[in-house]
Amino acid sequence: MLLLLLAGCFLSDDEVAGDLDPDGDGYAWPADCDNADGDVHPGAEEVPYDGSDNDCSEESPDDDLDGDGYGVDEDCDDLAADVNPGQEGDEVDPHGIDRNCDGVDGVDLDGDGYAGNGVGLNRDCDENEPAINPGADEVCDGIDNDCDGATDDEDDDVVNAPSWYLDMDQDGFGDPEIPVAVCVQPSGFVEGADDCDDSDSGINPSATEVCDDDDVDEDCDGLSDDSDPDVAVEGFVVFYRDSDSDGYGSETVYRMSCDPDADYVDNDGDCDDASTTTNPGAEDSCLDSVDNDCDLIVDEGSDELCYSGDELLISEIMYNPAGPNGVDDTWFEVYNYANHPIDMRGMRVWEDNSQAGEEAFVISVSLVVPVGGRVVFCYDESTLTDASFTHAGYLGACDYTYGVENNESSALGAAGNPSFRLRNDSQTYVGISIGGLGDSSWDEFDINQLYYQTSGDWPHNPRGWSIELNEQLISEGTVNNGVGDAWCHAETTGGARPYYDDGIHELFGTPGSTNSCR
């Protein structure tokens, strides 16, 4: 209606159609995007690159046939969506395609992602080896693996270089504290890192573990000396068990090692490892019948009661008594001229003659002889205890009994030796020795050995009289009691008086007192 009014007249249908589709392609505006060109209309075939939108559709652009967003004036291959200036990365293609439209065809013959004709650091330096390219790691093989122009140790980026360790003592083992990682072994460095002391060539894993004062771990196994089962036995020392902890080891219990255990020492001089008072460093006591200092000599000690020389003398002998008990009334006296008391315990007393042979006894209890004093040995306790004593000062003068009958004990001595007698035989002599140290070699350790006789220069002793050592010679310290003329018959001041008189028998002597013989 509007067209009719505009025209100011009525038009035919043909006239109206010609006005709406002037190019006669059957499409009117606005469907026809170009009413002046009958070849341009919806449904027409799009002719690429003619500068016209032949099918009037944005879906089929005239200059971007592959739809990659780049027209023909930019896209070097408008039929391939993966070829355009927007492709990122290196120009790499095994078929020689310029995928980023930069005018260079990338060639990657070995398929490692890098082209042999790449630019700068992206250029593959070996198209025959896929492991060699700019993205590879530089390794120690003599090849420029990462194509940066440097090889092995020349390349700061080298990886997997082995570690070498300083071998300062040149024993073939390196110091783990001083490593260096390079491809080629440097001078003075070795492969192993197990030297525990690189300043001493004698200390390394191949060394022999030996005994030493500083407990050095020579073979670097973390163990030293006795704690290392590989320690060389050649360096072992013999150590002896010290059970009593007195510093001296047993003679029979020992072990071999580098160092002693807590209960072992390096000497075997202890003759009794169960006693702390018995060892070579102890002082021998003469009071215990023990070899305290382990010198094989018993009771020769140095304390004030010990015998230390020929300091005891047999000073009076009653060997021919006239008492009611006959030979049982015999006795003898011992004098101490030392400057200290002497305990006679453990000493051996013996007598010998051609008829009876040797008899002996060992003093079994403590018997101390004071300085300048005397002790009296009797056959039994009755010898000097009879009520008929005329001199009360001698009553009970017996200090030790040696002849207890029937093996009975006495208050003055243990079970005695009834066979022991002081003999009276003019044809022989009798020896008395005080000494001995508990073995069979008594004579070697005699303290005083006396042979008295009933003939020669010895006093011819009448029955009932003792013989006495000259008291003046005793006091002067020059006496030799083995000489007969140093002895005389027992006498008392004012004339001879018996110390015993029962009306029948008389006995003369000074048992336990100063001798009357001058």
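Side chains are part of it too, since the values below use all heavy atoms of this structure and drop only hydrogens, waters and symmetry mates.
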Flag, side chain of [X] to backbone of [Y], donor-acceptor distance under 3.5 Å:
{"X": "Tyr400", "Y": "Val375", "result": "no"}
{"X": "Asn481", "Y": "Ile314", "result": "yes"}
{"X": "Asp153", "Y": "Cys183", "result": "yes"}
{"X": "Asn133", "Y": "Asp124", "result": "no"}
{"X": "Asp195", "Y": "Asp175", "result": "no"}
{"X": "Asn267", "Y": "Gly247", "result": "yes"}

Roughly how far, to the nearest 0.5 Å, is [atom2] of [Y] from [atom1] of [X]?
{"X": "Asp146", "Y": "Asp157", "atom1": "CG", "atom2": "CG", "answer": "6.0 Å"}
{"X": "Asn145", "Y": "Thr151", "atom1": "CG", "atom2": "OG1", "answer": "8.0 Å"}
{"X": "Asp273", "Y": "Thr252", "atom1": "CG", "atom2": "OG1", "answer": "8.0 Å"}
{"X": "Asp291", "Y": "Cys271", "atom1": "CG", "atom2": "SG", "answer": "5.0 Å"}
{"X": "Trp164", "Y": "Glu191", "atom1": "CH2", "atom2": "CD", "answer": "5.5 Å"}

| query | Mind checking whether Phe361 and Phe377 have parallel, tilted or perpendicular rings, split at 30° and 60°? | reply | tilted
So the salt bridge (charged side-chain N to carboxylate O under 4.0 Å, His left out) pairs with at least one residue in residues 253-272 (sequence neighbours excluded) are Arg255-Asp261
Residue pairs meeting side chain to side chain donor-acceptor pair (under 3.5 Å), one or both in residues 196-220, sequence neighbours left out, come to Asp171-Asn204, Asp197-Ser199, Asn204-Ser206
Query raised in the report: Are there more than 12 heavy atoms of other residues, nucleotides or ligands under 6.0 Å from atom CD of Gln185?
Result: yes
task = Decide if atom CZ of Phe236 counts as having more than 12 heavy atoms of other residues, nucleotides or ligands within a radius under 6.0 Å.
result = yes
Full working for side chain to side chain contact (heavy atoms under 4.5 Å, CB included) between Glu45 and Asp39: CA-CA 9 Å; Glu45 183 178 352; Asp39 294 326; over 6 Å; no
Can you confirm whether Asp152 sits close enough to Val184 that some side-chain heavy atom of one is under 4.5 Å from a side-chain heavy atom of the other? no
